[in-house]
Each structure stands twice: as C-alpha cells, then as structure tokens.
Protein chains: 2
Amino acid sequence: MSKAADRAYHFIRGEILSGAMTPGEQLREETLAEACGVSRTPVREAMRKLEAENLIQRSDSQRSFVATLSVDDIAESFALRAMLEGHAAARATDRIKPGQLATLFDHNAAIRDAVARETPDIAAFIEHNRGFHTVVTDAAGSERLTRLLASIVEQPVVLRTARRYDRAQLERSAAEHEELVVAFRHRDPDWAKAVMIGHIRRAFHVYSDALTAPPRDPKTP
Amino acid sequence: MSKAADRAYHFIRGEILSGAMTPGEQLREETLAEACGVSRTPVREAMRKLEAENLIQRSDSQRSFVATLSVDDIAESFALRAMLEGHAAARATDRIKPGQLATLFDHNAAIRDAVARETPDIAAFIEHNRGFHTVVTDAAGSERLTRLLASIVEQPVVLRTARRYDRAQLERSAAEHEELVVAFRHRDPDWAKAVMIGHIRRAFHVYSDALTAPPRDPKTP
DNA sequence: TGCGGCTTCATTGTATACAAAGCTGCTATA
DNA sequence: TATAGCAGCTTTGTATACAATGAAGCCGCA
C-alpha cells in the first residue's frame, strides 16, 4: 500500500487494537481522514482492508463499526486458526531454513526473559509471540496461507488472552514453542502440527474460561 | 458493494473467469473503467477485492495482472480448500436446516440430469456443483469461514477440473454429494467431513493428473 | 398521545483533476 | 556498438467536489 493509504491503515488499526476505539463504535471516513491527515480516498481503501481482516464490520446501510466479536465468533476463529497454523507448522517442517530456526530460538529466548521477570512483561511477551508465529507462517512458504492467517488472527483476542495468562501459563506457552522447535529439528511434520494445534487450543480455553470467571481481582481473596 | 463498484467487480471477474483476459495480462484501471462505463474509483475498489481473492496479482510497482497460478499454488489451494470445506461440512452437520437439505437434494438432482445426457452438460454441472457447495458452506453458519472459502476456491481451477472429468468421474462426484447428504441425515459430522475431504482431494488429483497427461484429443488413438 | 410521512442532515459513493512514481525509448558519449 | 542518463509518456495514488442514499428528528393528523 502506498504512503497515505498505509498511514491510514496503521492509524485505524492501532486505534482499534489499542482500545482507543471501542467495539461497536462507528467509524466515519471524514473523521478518520482528518485524524490522520489524509483525504477520504486512502482512508476508504484502508477501511476495506480492515474489513477484510474482520477488524471492521459494516451495517447493511454501508456504515462501518469497530467489530464486536461474539463468543461463537471467537471460538470459530480459534478453531480455524488452530487448523491453519497447524497446517502451516507441518509445511514449515521441511521448508524452514537454519536462519529462521535461529530467529525462532531468539524470539523464544526473549519470551523466556519477559516471563522470568518479577512482574512478567506482557507487552514483550506478545511482541515476540507474534514474531515467533510469523516466522513459522512465513516458513510454510505459502503466500495464500499467510494472507488467510492474517485475516483470522484477531490481535485484540490474542492480547486479551495473553493478559489472562498467569506465570505458569506463560511458561507453558514458551515450553510449547520450544517443543515446536524440537519437532522442526527432528523434521517431524505431524509432531509440529500436533504441538501447534495444542498450543492454540490451550490458548482458546484460557480465553474462554476467563469469560465465565472474570479477571483476577486483588480485592477478591 | 454499491452499484458501480459491484458492476466493475462482476465485469472484471467475468473477464478473468471466462478467459477473455489471459493469465499474466496487465489490467489498467482506465481501460477497465471505460469498458464497464464507470470511473476509476469503483474499478480500483473492485480490483482490490479481486486481489484479496487471488484473481489479481500486483507487481512490486503496483501494476495489476491477471493471476498466474503455479502448480504448487494450486496444490496448496486444494489442500486448504479440503481442510476448510471439510470443517464446514462437519459444522453444517448439526446446523443444516430441512430446507437447505432439500436444496442440496435439488442441486444434486440437477447434477444427475446434466451428467446423464448423451453429451454431459458441463456448464449445468458446474453451476449446480457450485450451488451445492455454497449451501454446505452457508449451513456451517460462519461468516468468517464463508469469506475464507470464497478467497480460496479458484473458480478457474474448478472450471478446468470439471472439464477434465469423464462421465464416470462426473457420476462419482454426484455420488459423493449424495453420500454427504446421507451423512448429514445421520448427523455424523466426522463422516461428513471425511466425505467432503475425499471429494475435494479426488478433484485435485484429477486436475493434477491432467497436467502431466494433457486433455484427451480425438486424433490421439 | 401515537404514528405516518416529510424534511433535513449525516454519511457514503462516484467522478474528475492533478500529483507522483515507473517504464520506455532516445540520445549522447565512450 | 554498448550503455548511462534523461525526457516524455503511462499508470497509479490522492484530493476534492458533487451525487445519492439512508437516518433522525419534526410536524400534522387521527
């Protein structure tokens, strides 16, 4: 995407992911255009792209809103993600290059660091977790798969999920990443796939359990 | 999509699917705008959508071309399709409504008709095949899944595949559809999934075999 | 007071003009 | 003759003005 459209895209996406715009809130082209200093044309383009990525939904009368995800939506999105990332892991197994394996290792070292701190650094965890998964997806070497995954992985959900993790779960997550690397080293696609699917399904259940039992509150015993 | 953009979308898509525009051919916004009597703005929107659907590819300098699919691309797209449509069939199993089951039945009756003719009516076969699969996907009741599948199922490939089918294969295809309906009636998601995956993987191999052994030629003994 | 229809306003869709970025082919030079 | 660099042309990107469409509030009537 070119300069203005790209800028609009990142601006809007940022607003949504950071929570500055809340789910259900209406997005007006004019307002957004002013907010990021471009005209409506590139804003429209950015919005169409975000719509394709399910971050924006449109009403039947063509108005745009920050997407609100139902529980069922989220369950479905985790299911698809597990399937596709599992497939990606299997494909990556005999395509991944030594350099990429090294990068995976580095990301996970950073994750271990973030988790080991007195109060875990969730932001760093999320960043390197994302980096790790991106490398795996790229290593699968399918442009189509990469795009599909981009349109499924709801970063707001990933974020909220990570925030629910306690230290043990964060460590468990890092351990699963390590197991995936070992599976790659052994060139075992079935193993890689199984690890990845388990990894994502566990994340789903942490997320979904949290919906029934809201976040830990210091005041609650 | 609104009127002009929608028109542009269907026009361009039609040109590509019908073969009027050949793979690798460049698409110019101005030319297309004139060809379907709208301005460049809606044409650009349509092109972005078609790009998301992999019917159009863009060069690094932002020029657009009718997509050329490598063998690997196609193999990957069949793999993804089998996975996702298999999932859709499983989900559809306990969501499909009686009316939809009836529609499936009707489509398949039409397919049987098309196949039974002296020279099978491939156009009708394709139309009702598409209808059948669409009903299954819809019955799965996931907007996200529907969109994902739309961006994967390459109609040009489906078309070419169907043209490779001989009568036995066309009948086999109809039989598989019938088996899927039976699986639905028995509310057996695993069965439905297995049938769907087999159905698509078989199509893949017909397509891929045809690449090594070109179409049957009357002149060849 | 409740409701149907109208008016007005807010918002999105489309066309067009201009700007920017690439490609092409020429010319000048070694 | 080969090639670097420039000039002009093609194509895409962005801004802006205007058109169309849908939403919200208002008024009059029952």
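The shown structure was predicted, so the numbers you read here are calculated from the model rather than taken from an experiment. Basis for what follows: all heavy atoms, side chains included, without hydrogens, waters or symmetry-related copies. Every chain is numbered from 1, with letters handed out A, B, ... down the list of sequences.
Looking only at side-chain heavy atoms (C-beta outward), A:Ile96 and A:Val136 stay at 4.5 Å or farther from each other. Within the 4.5 Å cutoff, the side chain of A:Tyr9 has heavy atoms near those of the A:Glu53 side chain.
Here the C1' atom of nucleotide C:dC23 and the CZ atom of B:Phe65 are 11 Å apart, to the nearest Å. Between the CD atom of B:Glu29 and the P atom of D:dT14 there is a distance of 11 Å, given to the nearest Å. Across the protein-nucleic acid pair, B:Glu45 atom CD and C:dT14 atom P stand 7 Å apart, rounded to whole Å. When rounded to the nearest whole Å, the span between CZ of B:Arg7 and C1' of C:dG13 equals 15 Å. Atom CD of A:Glu30 is separated from atom P of D:dC18 by 14 Å (rounded to the nearest Å). To the nearest angstrom, P of C:dT11 lies 6 Å from CD of A:Gln26. Distance B:Glu34 CD to C:dT14 C1': 16 Å, rounded to the nearest Å.
Between B:Arg40 and the phosphate of C:dA15, there is no side-chain N or O to OP1/OP2 separation shorter than 4.0 Å. A close approach under 4.0 Å does occur between a side-chain nitrogen or oxygen of A:Arg48 and OP1 or OP2 of C:dG13. Between C:dC23 and B:Ser61, a contact under 4.0 Å exists linking OP1 or OP2 to a side-chain N or O. Put simply, B:Ser2 has a side-chain N or O that comes within less than 4.0 Å of OP1 or OP2 on C:dT14. At the phosphate of D:dA15, OP1 or OP2 sits under 4.0 Å from a side-chain N or O atom of A:Ser39. Between A:Gln62 and C:dG13 there is a side-chain polar atom (N or O) within less than 4.0 angstrom of OP1 or OP2. For D:dG13, the OP1/OP2 oxygens have a side-chain nitrogen or oxygen of B:Arg58 closer than 4.0 Å.
Comparing C:dT11, C:dT14, D:dT10 by their nearest atom to the side chain of A:Arg28 picks out C:dT11. Picking from D:dG13, D:dT14, C:dT12 the nucleotide with the shortest atom distance to the side chain of A:Arg44 gives C:dT12.
Cation-pi geometry between B:Arg201 and B:Tyr207 is not met: the NZ or CZ atom fails to fall both under 6.0 Å from the ring centre and inside 45° of the normal. Both tests hold for A:Arg202 against A:Tyr165: distance to the six-membered ring centre under 6.0 Å, angle to the ring axis within 45°.
For the atom pair SG of B:Cys36 and CD of B:Glu15, the computed distance is 9.0 Å after rounding to the nearest 0.5 Å.
Each of A:Ala5 and B:Arg63 was assigned the nucleotide of DNA chain D with the nearest heavy atom; the assignment lying further toward the 5' end belongs to B:Arg63.
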